[in-house]
**Student:** 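Pasting a structure below so you can have a look.
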2 protein chains.
Amino acid sequence: MSPRRSAADTRETRQRILGHSLAIASQEGLEGLTIGRLATELGMSKAGLLGHFGTKETLQLAVVDAAAEVFLREVPRRVKQLPSGLRRLKDVCEAWVSYLERNVLPGGCFFTAATAEFDGRSGPVRDALAGMNALWRRDLRIHIRRAVSDGDLPPDTDVEQMIYELLGIMLALNHFLQLEKDAAAPARARRALERLFRR
Amino acid sequence: MSPRRSAADTRETRQRILGHSLAIASQEGLEGLTIGRLATELGMSKAGLLGHFGTKETLQLAVVDAAAEVFLREVPRRVKQLPSGLRRLKDVCEAWVSYLERNVLPGGCFFTAATAEFDGRSGPVRDALAGMNALWRRDLRIHIRRAVSDGDLPPDTDVEQMIYELLGIMLALNHFLQLEKDAAAPARARRALERLFRR
DNA sequence: CCTACCGATCGGTAGG
DNA sequence: CCTACCGATCGGTAGG
């Protein structure tokens with residue numbers, strides 16, 4: 001009667017796995033994501049699950065990609081696609097704060113958690129995380145440089161310094177939201193950003 | 001011939017275990033710290049090791065305490081015990097940057113790593129970490145308040161905002177040191193601190 | 001502190 | 001996608 005699993009079904013199952021993996025990984029880390037637990041919670045067998053990815057490491061890499069997808073959808077793609085510059089930078093940062101504030105993933109920022117977890121290791125997962133971090137900094141760098149050449153930031157702006165401080169504000173936001181459940185943290189992040197852009 | 005293990009020997013063994021645990025945990029996390037691995041690397045049996053702590057959770061709590069010991073020794077106790085205030089606050093922050101810069105633990109700041117790992121969970125380990133974070137913020141709060149009442153910081157200083165930004169600078173420092181091995185990060189942290197105290 | 005062991009779970013494979 | 005299984009390792013205990 002019912003046809004064999006179509007390619008679309010397969011893709012859907014894969015997305016279900018990745019969605020649940022992302023939720024687990026944001027709370028308990030990429031290593032806390034075990035095949036057995038994942039299979040049980042999704043109501044499938046370990047072998048069936050592993051069939052989609054081959055090994056746990058491949059699954060972890062797919063989760064990193066899925067997390068990047070979510071972040072790109074929720075932050076840069078969410079703001080009006082104005083020309084690069086200070087206005088766009090501010091919009092991106094506001095979307096970033098809002099992303100963390102809205103608790104899109106149950107455990108907060110996946111990349112913050114996963115980066116802290118893997119920064120002391122080596123291998124493909126660590127490299128993928130480092131690559132995503134570098135890509136995102138590159139985006140910020142472009143906006144900041146443009147803001148400087150537009151005259152919206154002082155000509156002596158230290159671009160890397162600004163990226164450093166931006167990231168610090170976001171790391172602190174994630175920290176206060178996750179550890180302290182401090183509802184005042186987003187306002188603090190916004191205030192810190194204002195001070196950063198108004199120097 | 002040789003006497004039975006003395007209480008001093010026992011304490012020494014315990015310290016050896018905790019020291020090695022701290023090194024592992026700063027790199028691979030408090031959960032990556034497994035009894036079997038720890039026992040092998042220390043050349044003792046799992047049962048012998050567990051005898052000192054009872055359960056893994058008790059070991060994890062002891063590691064949190066040991067990490068606090070190291071941090072207190074390397075940061076607040078390392079600066080001249082001047083009266084609380086802006087001078088002391090600046091000294092403490094410099095010791096904090098230096099602590100991370102000198103890579104006292106192989107995986108960077110234990111508390112940053114462990115907090116990111118446990119902030120999505122519940123239980124005694126998470127609570128102990130939250131408690132240490134709160135204690136440290138209390139210290140910083142006292143210094144900032146004193147600096148304000150001394151007139152060394154503006155009377156309208158938002159104390160919690162300054163703590164937030166301070167923590168962000170340190171989280172970013174740990175991030176850039178661990179993930180990017182960016183030797184320029186300590187200088188960026190110092191510059192960000194200057195800007196924070198000079199507003 | 002040790003040896004010897006426990007049940008549970010890990011990632012993964014064979015075969016269908 | 002499944003069942004059935006593998007060796008390795010997990011935290012922990014009994015008994016000395």
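What you are looking at is a predicted structure, and each value in this text was computed from that prediction instead of being measured. Chain naming here is simple, since letters A, B, ... match the order of the sequence lines and numbering starts at 1 in each. Because only heavy atoms are used, hydrogens play no part in the values below, and waters and symmetry mates are left out as well, while side chains stay in.
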**Student:** Decide yes or no, distance alone: a donor-acceptor N/O pair under 3.5 angstrom between the base of D:dG12 and the side-chain of B:K46.
**Tutor:** yes
**Student:** Starting at CG of A:L59 and ending at C1' of C:dC10, how long is that distance when rounded to a whole Å?
**Tutor:** 14 Å
**Student:** Please state whether the rings of B:F71 and B:Y99 are parallel, tilted or perpendicular, taking 30° and 60° as the class boundaries.
**Tutor:** perpendicular
**Student:** Is there a side-chain polar atom (N or O) of A:S45 under 4.0 Å from OP1 or OP2 of D:dC1?
**Tutor:** no
**Student:** Between B:R16 and A:L50, who's closer to the 5' end of DNA chain C by nearest nucleotide?
**Tutor:** B:R16
**Student:** Whole-Å distance between D:dT9 P and B:L38 CG?
**Tutor:** 16 Å
**Student:** When both hydrogen-bonding distances must be under 3.5 Å and the geometry is Watson-Crick or G-U wobble, what is C:dA14 paired with, if anything?
**Tutor:** D:dT3
**Student:** Between C1' on D:dT9 and CD1 on A:I35, what's the gap in Å once rounded to a whole number?
**Tutor:** 16 Å
**Student:** Do the side chain of A:D150 and the main chain of A:G85 share a donor and acceptor less than 3.5 angstrom apart?
**Tutor:** no
**Student:** For the side chain of A:T34, counting heavy atoms from C-beta on, which of C:dG11, C:dT3, C:dG12 is nearest?
**Tutor:** C:dG11
**Student:** Roughly, in whole Å, what's the span from CG in B:L30 to P in D:dG11?
**Tutor:** 12 Å
**Student:** How long is the gap from CH2 on B:W96 to CG on B:L173, to the nearest 0.5 Å?
**Tutor:** 10.0 Å
**Student:** On DNA chain C, nearest-nucleotide positions of A:A47 versus B:G48: which is more 5'?
**Tutor:** B:G48
**Student:** For D:dC1, does either OP1 or OP2 sit under 4.0 Å from a side-chain N or O belonging to A:T13?
**Tutor:** yes
**Student:** Hey, does A:G36 reach any base, or is it just sugar-phosphate, or nothing, if we go heavy atoms under 4.0 Å?
**Tutor:** sugar-phosphate
**Student:** Measure from CZ on B:R37 to P on D:dT9 and round the result to the nearest Å.
**Tutor:** 13 Å
**Student:** What verdict does the side-chain contact (heavy atoms from CB on, under 4.5 Å) test give for B:D158 and A:R188, after you've listed the backbone C-alpha separation in whole Å, the side-chain angles of each residue and the deciding distance to 0.1 Å?
**Tutor:** CA-CA 10 Å; B:D158 182 335; A:R188 297 209 190 290; 3.6 Å; yes
**Student:** Specify the separation, in whole Å, of atom NZ of B:K56 and atom P of D:dG11.
**Tutor:** 4 Å
**Student:** Whole-Å distance between D:dC1 C1' and A:I17 CD1?
**Tutor:** 10 Å
**Student:** Would you kindly give the CG-to-P distance between A:L33 and C:dG12, to the nearest whole Å?
**Tutor:** 12 Å
**Student:** Assess the side chains of B:R102 and B:S98: does a donor N or O sit below 3.5 Å from an acceptor N or O?
**Tutor:** yes
